[in-house]
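Okay, so here's the structure we're looking at.
What you are looking at is a predicted structure, and each value in this text was computed from that prediction instead of being measured.
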Amino acid sequence: MTTRLLTLVALTATLAACSTVPDRNSDLDRARGRFNMAQRDAQVVTLAPEELNLARTTLEQAQSAWEKGQPKATVDHLSYMTAQRVILAQETASGRAAQAVTANAAAERDKLRLAQRTAEADLAHQRLAESERSNARKTNELAQADAAAKQDQARIDYSDARAHALELELKDLSAKKTERGFVVTLGDVL
């Protein structure tokens, strides 16, 4: 009877040991830790909320499977899926942050190009205005030179006309040129 009792006690202890769920699952604990770390990362929360929600759902399924005493392989698989979805959320957030940096760099590049083109256009406008002022000055100088040339021509024409008139007068006076000057014969002089 003692062997029977010992066997029964041993069998009961074995069954009791098999029927209890261990207090912890290391894969589930690691998955929970990774999820908590990702949840504290503002970049992940902001840039990959959908992926983080999928990881939360998978973690809740793993926790529920653990509490319901489902097979360790199922809990481990759900824990692994949670960890992978956390990694996916982190990588997605990192990629989106890099895209934002790239977009900001492209916008900054475009802004710099626009500033450069604006500066070039301003410089071209300044050169054009300067050229127009220079052309106006030159046109004014040419007009003044032309007016001065016309005045000089008028003086020359007047001088030529006066010289011609004097020559005619000299002819009328029958002037003769000598070494000392002109000899003029006056007629009908009172």
Side-chain angles (χ1 to χ4, degrees), residues 30-31 33-59 80-190:
R30 275 194 297 275
R34 284 185 175 177
F35 176 78
N36 289 335
M37 187 171 42
Q39 201 171 21
R40 286 189 299 267
D41 187 348
Q43 185 178 19
V44 174
V45 171
T46 305
L47 298 176
E50 298 88 14
E51 291 80 1
L52 194 60
N53 283 335
L54 286 173
R56 176 183 290 116
T57 302
T58 308
L59 179 63
Y80 173 78
M81 291 300 296
T82 299
Q84 293 304 308
R85 286 188 171 163
V86 166
I87 290 170
L88 179 66
Q90 290 169 332
E91 292 300 320
T92 300
S94 177
R96 289 179 182 162
Q99 287 173 347
V101 167
T102 303
N104 288 340
E108 186 65 27
R109 182 193 67 228
D110 291 342
K111 198 185 298 183
L112 288 173
R113 281 184 179 168
L114 178 62
Q116 181 183 9
R117 288 182 181 160
T118 301
E120 289 172 357
D122 289 345
L123 182 60
H125 284 295
Q126 287 175 344
R127 287 181 179 165
L128 177 64
E130 203 174 284
S131 177
E132 287 174 348
R133 283 192 299 272
S134 175
N135 286 343
R137 264 194 314 270
K138 287 180 182 178
T139 302
N140 190 21
E141 289 172 359
L142 286 174
Q144 287 175 353
D146 191 40
K150 285 181 182 178
Q151 285 178 347
D152 289 345
Q153 186 62 42
R155 284 188 199 123
I156 291 171
D157 290 344
Y158 175 75
S159 296
D160 286 348
R162 176 106 169 118
H164 185 65
L166 288 174
E167 280 179 18
L168 287 177
E169 266 185 53
L170 282 174
K171 275 187 184 178
D172 284 344
L173 293 174
S174 302
K176 293 181 187 171
K177 189 166 184 172
T178 64
E179 287 181 16
R180 295 179 107 193
F182 285 97
V183 174
V184 176
T185 306
L186 297 175
D188 292 340
V189 177
L190 295 176

Flag if over 12 foreign heavy atoms under 6.0 Å of CZ, Arg117: no
Non-hydrogen atoms of Gln43 and Ala97 that approach each other most closely: NE2-CB, 2.7 Å
With sequence neighbours excluded, residues passing salt bridge (charged side-chain N to carboxylate O under 4.0 Å, His left out) with Asp152: Arg155
Smallest separation among heavy atoms of Ala89 and Ala48, with atom names: O-CB, 3.4 Å
Atom pair CZ/OG of Arg137 and Ser134 - distance to nearest 0.5 Å: 5.0 Å
Exercise: do Asp122 and Gln126 side chains pair donor with acceptor under 3.5 Å: no
Gap between atom CD1 of Ile156 and atom CD of Gln153 - 0.5 Å precision: 5.0 Å
Gap separating the CG atom of Leu123 from the CD atom of Glu130, nearest 0.5 angstrom: 9.5 Å
Whether Thr118 side chain and Leu114 backbone form a donor-acceptor pair below 3.5 Å: yes
Intermediate values then yes/no, salt bridge (Lys or Arg N to Asp or Glu O under 4.0 Å), Glu51 and Arg96: CA-CA 13 Å; Glu51 291 80 1; Arg96 289 179 182 162; 3.6 Å; yes
With sequence neighbours excluded, residues passing salt bridge (charged side-chain N to carboxylate O under 4.0 Å, His left out) with Lys150: Asp146
Polar side-chain atom of Thr82 near backbone of Leu59 as donor-acceptor pair, under 3.5 Å: yes
Ala42 backbone acceptor or donor facing Thr46 side chain under 3.5 Å: yes
CG on Leu128 to CZ on Arg133, rounded to 0.5 Å: 9.5 Å
Distance, nearest 0.5 Å, that separates CG of Leu142 from CG of Asn135: 10.0 Å
Between Arg56 and Asn53: side-chain donor-acceptor atoms closer than 3.5 Å: yes
Smallest separation among heavy atoms of Val44 and Ala38, with atom names: CB-O, 3.7 Å
Thr58 vs Phe35 side-chain heavy atoms within contact, under 4.5 Å: no
Sidechain-backbone polar pair: Arg34 side chain, Ala83 backbone, donor-acceptor under 3.5 Å: no
Straight-line distance of Leu54 CG to Met81 CE, nearest 0.5 Å: 9.5 Å
Minimum side-chain heavy-atom gap Val45-Leu52 below 4.5 Å: yes
